[in-house]
Amino acid sequence: MVNVTTERIDGVLSADVEGRIDGSNVVQFEEAVRTAIEDSDRAVIMDFEKLVYISSAGLRAILLTAKSLQNRDAKLLLCSLSDRIREVFEISGFDKILPIHATKADALDSLNN
Amino acid sequence: MSAELSLRLSATLDDIAQLHEELEAFAAQEGWTTKLEFEVKLVVEELFTNVVNYGGCPGAPVQIDFTSEADRLTIEMSDSGRAFDPLVDTPEPDTTSSVEDRAIGGLGVHLVLTMMDKASYRRDGDLNRLTLVKRREE
């Protein structure tokens with residue numbers, strides 16, 4: 001099960017992702033994120049504090065989101081990864097291409113400085 | 001002391017949810033660390049997804065057997081899809097280029113090989129057979 005809860009903070013879409021992203025529900029995750037993003041959003045922050053699992057199906061969806069944002073000079077940031085989720089990002093080299101912050105406040109600060 | 005879990009799934013993405021539920025229960029029963037549970041779920045999902053996407057026989061049975069022992073976990077997976085060794089026939093993933101240039105895919109097997117201690121494949125009659133071993137650290 002995956003739930004995505006969004007709010008807009010100063011032109012930045014914050015998306016709290018809860019549950020797990022696997023091959024059986026990745027389409028729901030992609031759909032929830034895609035419908036929430038508006039062209040006026042200058043950045044998207046995905047908060048993974050309550051994300052307990054992700055497989056490469058989820059990484060693929062995140063990369064596609066990052067690519068589509070980058071096409072219009074918007075950014076994707078991630079925050080609050082558990083050790084397990086971080087391990088998946090590191091093995092995949094995703095920690096080198098996406099900014100990962102300890103907290104949502106840190107991610108927001110990085111956009112405003 | 002060893003315990004076994006035997007799963008017979010159908011090659012559809014929907015069955016990934018069942019795979020995770022069964023593994024959660026087995027992990028709790030066997031006292032796996034959260035790290036071991038996470039890695040096993042991930043590795044098995046990646047290989048199962050390969051069968052669904054590339055096996056060429058949607059809905060066909062996939063057999064997955066887990067043997068949990070004090071010092072190791074052994075996973076044996078078989079399917080009747082076309083002959084395919086994911087450990088060799090999958091391209092190396094792109095883990096270094098930028099967001100614009102990064103190719104999508106190929107990461108599943110890379111995760112499997114990184115997280116498992118041993119992985120081997122053999123073609124056995126009409127079956128693909130994968131055997132994975134993970135040492136238990138605790």
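Residue numbering restarts at 1 for every chain, and letters A, B, ... go by the order of the sequence lines.
For the set T95(B), V43(B), T34(B), the entry with the most heavy-atom pairs within less than 4.5 Å of chain A is T95(B). Among K96(A), Q70(A), M1(A), the residue with the largest count of heavy-atom pairs under 4.5 Å with chain B is Q70(A).
Cluster annotation: F84(B) and V62(B) are assigned to distinct hydrophobic clusters (Ile/Leu/Val/Met/Phe/Trp/Tyr, side-chain heavy-atom contacts under 4.5 Å, transitive). Hydrophobic clustering of Ile, Leu, Val, Met, Phe, Trp and Tyr side chains at less than 4.5 Å, counting indirect connections, keeps Y54(B) apart from M77(B). Under the 4.5 Å side-chain heavy-atom criterion for grouping Ile, Leu, Val, Met, Phe, Trp and Tyr, V2(A) is connected to L64(A) within one hydrophobic cluster. Under the 4.5 Å side-chain heavy-atom criterion for Ile, Leu, Val, Met, Phe, Trp and Tyr, M46(A) and L77(A) are members of distinct hydrophobic clusters. Neither L108(A) nor F48(A) shares a network with the other; the hydrophobic side chains, linked directly or stepwise wherever heavy atoms of I, L, V, M, F, W or Y lie under 4.5 Å apart, form separate groups for each.
Other residues, nucleotides and ligands contribute only 12 or fewer heavy atoms inside 6.0 Å of the CZ atom of R135(B). Atom CZ of R84(A) is surrounded by more than 12 heavy atoms from other residues, nucleotides or ligands within 6.0 Å. More than 12 heavy-atom neighbours from other residues, nucleotides or ligands sit within 6.0 angstrom of NZ on K35(B). No more than 12 heavy-atom neighbours from other residues, nucleotides or ligands sit within 6.0 angstrom of CG on D126(B). Under a cut-off of 6.0 angstrom, the local environment of CD in Q18(B) is crowded, with over 12 non-hydrogen atoms contributed by other residues, nucleotides or ligands.
Using a 4.5 Å cut-off on side-chain heavy atoms (C-beta onward), H110(B) and S92(A) make no contact.
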Point to revise | side-chain contact (heavy atoms from CB on, under 4.5 Å) assessment of E100(B) paired with K67(A) | key: CA-CA 6 Å; E100(B) 311 91 84; K67(A) 281 176 186 275; 5.8 Å; no
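Atom CZ of R20(A) sits about 10.5 Å away from atom CD1 of I16(B), to the nearest 0.5 Å. We find the CG-OG distance between D15(B) and S24(A) to be 9.5 Å, quoted to the nearest 0.5 Å. The distance from the CD1 atom of I91(A) to the OG1 atom of T114(B) is 5.0 Å, given to the nearest 0.5 Å. The CZ atom of R102(B) sits 3.5 Å away from atom CD1 of I97(A), with the distance rounded to the nearest 0.5 Å. Atom CD of E39(B) is separated from atom CD of E87(A) by 4.5 Å, given to the nearest 0.5 angstrom. Atom OH of Y53(A) is separated from atom CD of E37(B) by 10.5 Å, given to the nearest 0.5 angstrom.
Considering all non-hydrogen atoms of both residues, A57(A) and E45(B) come closest at CB-OE2, 4.5 Å. Counting all heavy atoms, side chain and backbone alike, H20(B) lies closest to D22(A) at CD2-OD2, 3.3 Å. Taking both residues in full, the closest heavy atoms of S56(A) and L107(B) are given as CB-CB, 4.2 Å, listed atom of the first, atom of the second, then distance.
Only the backbone of S97(B) comes within less than 4.5 Å of a heavy atom in chain A; its side chain stays farther off. The part of D101(B) that comes within reach of chain A is its backbone (N, CA, C, O), which places non-hydrogen atoms under 4.5 angstrom from that chain.
Considering V52(A), V88(A), D83(A) as possible partners of F38(B), the one that fulfils the side chain to side chain contact (heavy atoms under 4.5 Å, CB included) test is V88(A).
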